Amino acid sequence: MPKTLNGNYISEAAKNFSQADKFWLKGKHDKARTSYKKSIDLYMRETDIEGRASALNRLGELELSLHEYDGAKMLFSTACTLVKGLPEYQTLYANIVFNKAKLATETNDYKHGLKRVKQAEDIVKATKNNVLWGDILELKSYIYQQQGNEKEALDAMVIASNLYKDARNSIKEASVLRSMARILIKNKDYDTAHDLLERCKILYRENGDLLGEASVLTAIGSLRLKIGDIEKSRKALMKSVALYDKATHAKAKAETLLYLARVEASDKIHGDFHRAKIHYKKAIEIFNFLGNDSLKEKAIDEYYKFNKNNVIN
């Protein structure tokens with residue numbers, strides 16, 4: 001990472017590293033690549049092993065994001081060689097091995113990806129970097145899911161959520177709990193999934209994350225509908241619509257209105273057909289305003305079926 005002293009970069013290498021990050025953030029990938037390469041050369045002249053390995057690793061991440069897999073592989077390997085076996089750089093080493101695992105996973109080499117994940121996990125355990133360890137476990141969980149091993153995937157997520165909790169990184173904790181809930185819902189363990197989603201909702205609310213909270217409320221509303229609880233489903237979805245409106249996220253608001261329409265149209269006794277029509281019309285209006293023809297046509301088709309049959313089949 002670029003080193004600073006009293007807010008000032010202590011070397012030209014660090015300045016170029018920081019500038020490269022800014023270029024990448026702005027989507028100026030060629031300029032970012034050039035600045036990273038310059039920082040790598042400057043760190044080498046300064047004999048700064050950590051700086052050079054960090055810059056190589058970050059450039060590898062850039063290449064990976066652009067699907068330049070051969071270039072990323074070479075950069076990660078070079079970075080690994082620099083810090084492997086040096087105790088003071090083990091967190092950086094774990095991060096580089098983690099990136100090698102991501103590279104293997106992105107190219108669908110799950111066997112090699114899992115091997116690298118376990119290697120990164122072994123390294124990071126000694127560093128007490130719980131956030132990085134949690135990130136590694138999330139990738140481990142993803143690989144297990146791709147291999148159809150949901151039990152191992154859930155086990156990894158449980159550990160990751162506890163690590164994030166210990167590190168007081170509630171946003172990451174909420175994200176992994178949400179992922180756990182998806183698997184549990186798929187396996188019809190609705191009670192446990194609901195408890196996790198409620199925890200997610202609290203965490204997002206504590207962080208002032210309106211979109212996160214709204215998304216979880218939508219998930220809760222969908223889950224309550226699955227178990228036939230129309231009233232609580234409606235309540236969660238209405239709150240979600242209100243939050244999306246507050247966050248001015250029109251597309252998500254329209255999609256949630258569609259969910260609400262389906263809830264109201266799903267049951268003659270507990271639903272409300274008049275409300276269903278209102279929600280359908282509002283969703284269609286927003287999709288039309290956004291120019292999202294595919295979702296608009298989908299909503300129109302559902303609305304016509306509803307009008308024809310009084311209930312969506």
Side-chain angles (χ1 to χ4, degrees), residues 24-29 65-67 171 174-175 177-179 181-183 185-186 190 193-194 196-198 200-313:
W24 187 2
L25 187 63
K26 294 177 181 178
K28 298 178 180 180
H29 298 135
S65 74
L66 298 173
H67 309 297
I171 290 294
S175 177
L177 289 174
R178 177 74 189 276
S179 297
R182 289 191 186 100
I183 294 178
I185 290 170
K186 177 185 173 185
Y190 298 140
H194 186 269
L196 293 180
L197 290 172
E198 286 290 339
C200 288
K201 183 181 70 175
I202 293 169
L203 291 172
Y204 282 127
R205 183 178 297 164
E206 288 175 349
N207 280 275
D209 188 335
L210 294 180
L211 294 179
E213 184 180 352
S215 176
V216 170
L217 282 164
T218 299
I220 291 172
S222 177
L223 175 55
R224 300 309 301 188
L225 179 59
K226 285 179 183 292
I227 62 178
D229 191 338
I230 303 298
E231 182 180 350
K232 288 185 178 178
S233 178
R234 177 192 296 125
K235 183 178 179 181
L237 291 170
M238 287 294 288
K239 286 183 180 178
S240 178
V241 169
L243 288 175
Y244 280 131
D245 191 44
K246 187 175 181 180
T248 64
H249 197 310
K251 180 175 179 288
K253 177 183 175 181
E255 290 175 330
T256 308
L257 283 166
L258 259 185
Y259 279 119
L260 256 175
R262 292 166 187 160
V263 168
E264 300 295 2
S266 66
D267 189 289
K268 288 184 178 181
I269 298 174
H270 299 100
D272 187 320
F273 287 0
H274 178 66
R275 284 183 182 176
K277 287 185 177 183
I278 293 173
H279 297 324
Y280 272 125
K281 288 179 179 179
K282 185 61 178 178
I284 291 166
E285 177 187 326
I286 296 172
F287 287 136
N288 183 59
F289 174 77
L290 294 173
N292 194 321
D293 292 335
S294 61
L295 287 177
K296 181 184 76 172
E297 292 304 319
K298 180 179 180 180
I300 289 173
D301 184 56
E302 284 193 24
Y303 179 57
Y304 282 148
K305 285 181 180 178
F306 169 72
N307 274 336
K308 182 178 179 180
N309 304 318
N310 289 325
V311 62
I312 297 175
N313 296 318

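Positions are given from 1, in the same order as the sequence printed here. Worth knowing before you read on, the calculation uses all heavy atoms, side chains too, and leaves out hydrogens, waters and symmetry mates. Keep in mind that this is a model prediction, so the values were computed, not measured.
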Could you check whether E198 pairs with K201 (Lys NZ or Arg NE/NH1/NH2 to Asp/Glu carboxylate O, under 4.0 Å)? yes

E213 bridged to K239 by N-O distance under 4.0 Å: no

To the nearest 0.5 Å, atom CG of L66 lies from atom CH2 of W24 at 8.0 Å

Within a strict 4.5 Å, meaning less than it, do heavy atoms of the L290 and K296 side chains meet? no

Quick check: do V216 and L203 have side-chain heavy atoms less than 4.5 Å from each other? no

For residues Y280 and A299, report the shortest heavy-atom separation together with the two atoms involved. CD2-O, 4.1 Å

Give a yes or no answer on whether the side chain of E264 reaches the backbone of A276 with a donor-acceptor pair at less than 3.5 Å. no

Looking only at heavy atoms, the pair that brings A174 and C200 closest together is O-SG, 3.2 Å

Check S215 against R178 and note the closest heavy-atom contact, atom names and distance. OG-NH1, 2.8 Å

Can you name the nearest heavy-atom pair linking L196 to A181, along with the distance? CD1-N, 4.1 Å

Could you walk me through whether D293 and F287 pass side-chain contact (heavy atoms from CB on, under 4.5 Å), step by step? CA-CA 7 Å; D293 292 335; F287 287 136; over 6 Å; no

Geometric class of the F273/F306 ring pair [parallel <30°, tilted 30-60°, perpendicular >60°]: perpendicular

After noting the C-alpha distance and the side-chain angles of L225 and Y259, does the key distance pass the side-chain contact (heavy atoms from CB on, under 4.5 Å) rule? CA-CA 10 Å; L225 179 59; Y259 279 119; over 6 Å; no

Would you name the heavy atoms of T256 and L237 that are closest together and state the gap between them? CG2-O, 3.7 Å

Side-chain ion pair, K251 and E255, N-O less than 4.0 Å: yes

Strictly below 4.0 Å, N to O, side chains only: are E231 and R234 in salt-bridge contact? no

Under the side-chain contact (heavy atoms from CB on, under 4.5 Å) criterion, do H194 and R224 qualify, and how do the steps go? CA-CA 9 Å; H194 186 269; R224 300 309 301 188; 3.5 Å; yes

